[in-house]
Enquirer: 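Quick one: the structure is below, questions incoming.
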Amino acid sequence: MYYGGFFVHANVRWRFGPLEWLLATPAFHHWHHANETKGQRDHNYAAMFPLIDLAFSTLHLPKNLPQQYGIDEPMEVDLTGQLIHPFKHNQRKQVLQVTRSSD
C-alpha cells in the first residue's frame, strides 16, 4: 500500500487499459483530485480497488483526463494555516448563516 500511494499520485498521463477497472491507477486518481464542472467532481474515493467506487456509484473513468485540479477557494501557504483553515472556513459559514437567519 505504501508504494501504491506513490504510484497513484504519479503525475503521468499513462493509461493501463482494463487494469484501470481492477486497481487504482494515476488516471483513476486524477479524477479524485479534479475540479471540473458539476457532475465530474466527487468521484473515485477507493484507495486501491475501483470496483468499490463502482459499487457505490462514484466511479468516474472517462477516456480523457481532467483539465483542472484543486479546490474552489484559495488555500493557506504554510502548514499551520492549512491545518487551521477548515475551522476558520466553518466558523465563517456559521457566522454567515446566523447573519442571514436573523434578517
Side-chain angles (χ1 to χ4, degrees):
M1 187 70 171
Y2 177 76
Y3 294 106
F6 287 114
F7 174 64
V8 298
H9 286 99
N11 191 18
V12 296
R13 303 246 174 215
W14 303 338
R15 298 307 296 249
F16 291 86
L19 181 64
E20 291 180 348
W21 293 91
L22 300 174
L23 292 173
T25 64
F28 169 85
H29 200 68
H30 274 274
W31 283 104
H32 174 73
H33 289 286
N35 188 356
E36 296 279 316
T37 59
K38 194 76 169 160
Q40 293 184 335
R41 300 171 81 169
D42 303 324
H43 292 285
N44 299 356
Y45 295 107
M48 200 167 198
F49 302 111
L51 293 175
I52 294 170
D53 280 301
L54 182 63
F56 288 97
S57 299
T58 54
L59 181 64
H60 185 68
L61 199 55
K63 291 183 182 187
N64 64 317
L65 291 174
Q67 299 298 309
Q68 188 173 340
Y69 299 88
I71 58 176
D72 292 329
E73 58 190 50
M75 178 55 69
E76 302 289 338
V77 193
D78 64 325
L79 179 60
T80 305
Q82 290 177 11
L83 293 172
I84 295 170
H85 179 78
F87 301 104
K88 289 175 20 181
H89 179 70
N90 285 339
Q91 186 179 15
R92 241 188 340 236
K93 246 179 161 174
Q94 289 172 353
V95 169
L96 285 174
Q97 288 174 348
V98 169
T99 306
R100 288 182 185 151
S101 65
S102 63
D103 289 342

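Heads up: numbering here begins at 1 and tracks the sequence.
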Enquirer: Between His43 (side chain) and His32 (backbone), is there a donor-acceptor pair under 3.5 Å?
Expert: no
Enquirer: With the 4.5 Å side-chain cut-off for hydrophobic clustering, are Val12 and Phe16 part of the same group?
Expert: yes
Enquirer: Do the non-hydrogen side-chain atoms of Ile52 and Tyr45 ever get within less than 4.5 Å of each other?
Expert: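 The answer is no, as the side chains (C-beta and beyond) never meet within the 4.5 Å cut-off.
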Enquirer: Is it possible for you to say whether Leu79 and Val77 belong to one hydrophobic cluster, with membership spreading through side-chain heavy-atom contacts below 4.5 Å?
Expert: no
Enquirer: If you compare all heavy atoms of Pro26 against all heavy atoms of Ala10, which two are closest, and at what distance to 0.1 Å?
Expert: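 Residues Pro26 and Ala10, closest heavy atoms: CB-O, 3.7 Å.
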Enquirer: Quick test of your reading: applying side chain to side chain donor-acceptor pair (under 3.5 Å), list the pairs with at least one residue in residues 18-27, sequence neighbours left out, ordered by first then second residue.
Expert: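 Checked against side chain to side chain donor-acceptor pair (under 3.5 Å) - neighbours excluded - the pairs reaching residues 18-27 are Arg15-Glu20.
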Enquirer: Is there a side chain to side chain contact (heavy atoms under 4.5 Å, CB included) between Ile84 and Glu76 once you walk through the steps?
Expert: CA-CA 9 Å; Ile84 295 170; Glu76 302 289 338; over 6 Å; no
Enquirer: Heavy atoms only: give me the nearest Ala47-Ala24 pair and the separation to one decimal.
Expert: O-CB, 3.7 Å
Enquirer: Using ring pair (Phe, Tyr, Trp, His ring centres under 6.0 Å) as the criterion, list what pairs up with His30, not counting sequence neighbours.
Expert: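 Scan of His30 (ring pair (Phe, Tyr, Trp, His ring centres under 6.0 Å), adjacent residues dropped) gives Tyr69.
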Enquirer: Name the one of Val8, Asp53, Leu19 that satisfies side chain to side chain contact (heavy atoms under 4.5 Å, CB included) with Phe28?
Expert: Asp53
Enquirer: Ignoring hydrogens and angles, tell me if any N or O in the side chain of His29 forms a donor-acceptor pair with the backbone of His9 under 3.5 Å.
Expert: no
Enquirer: Could you tell me the separation between the CG atom of Leu61 and the CH2 atom of Trp31, rounded to the nearest 0.5 Å?
Expert: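 It is 9.5 Å, given to the nearest 0.5 Å.
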Enquirer: Just so I know, are the side chains of Leu59 and Asn44 near enough to count as touching, which here means a heavy-atom distance under 4.5 Å?
Expert: yes
Enquirer: Any donor-acceptor pair under 3.5 Å linking the side chain of Asn35 with the backbone of Gln68?
Expert: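 No, Asn35 side chain to Gln68 backbone: no donor-acceptor pair under 3.5 Å.
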Enquirer: Do the side chains of Leu23 and Phe7 get nearer than 4.5 Å, heavy atoms only?
Expert: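 Sidechains of Leu23 and Phe7: no contact.
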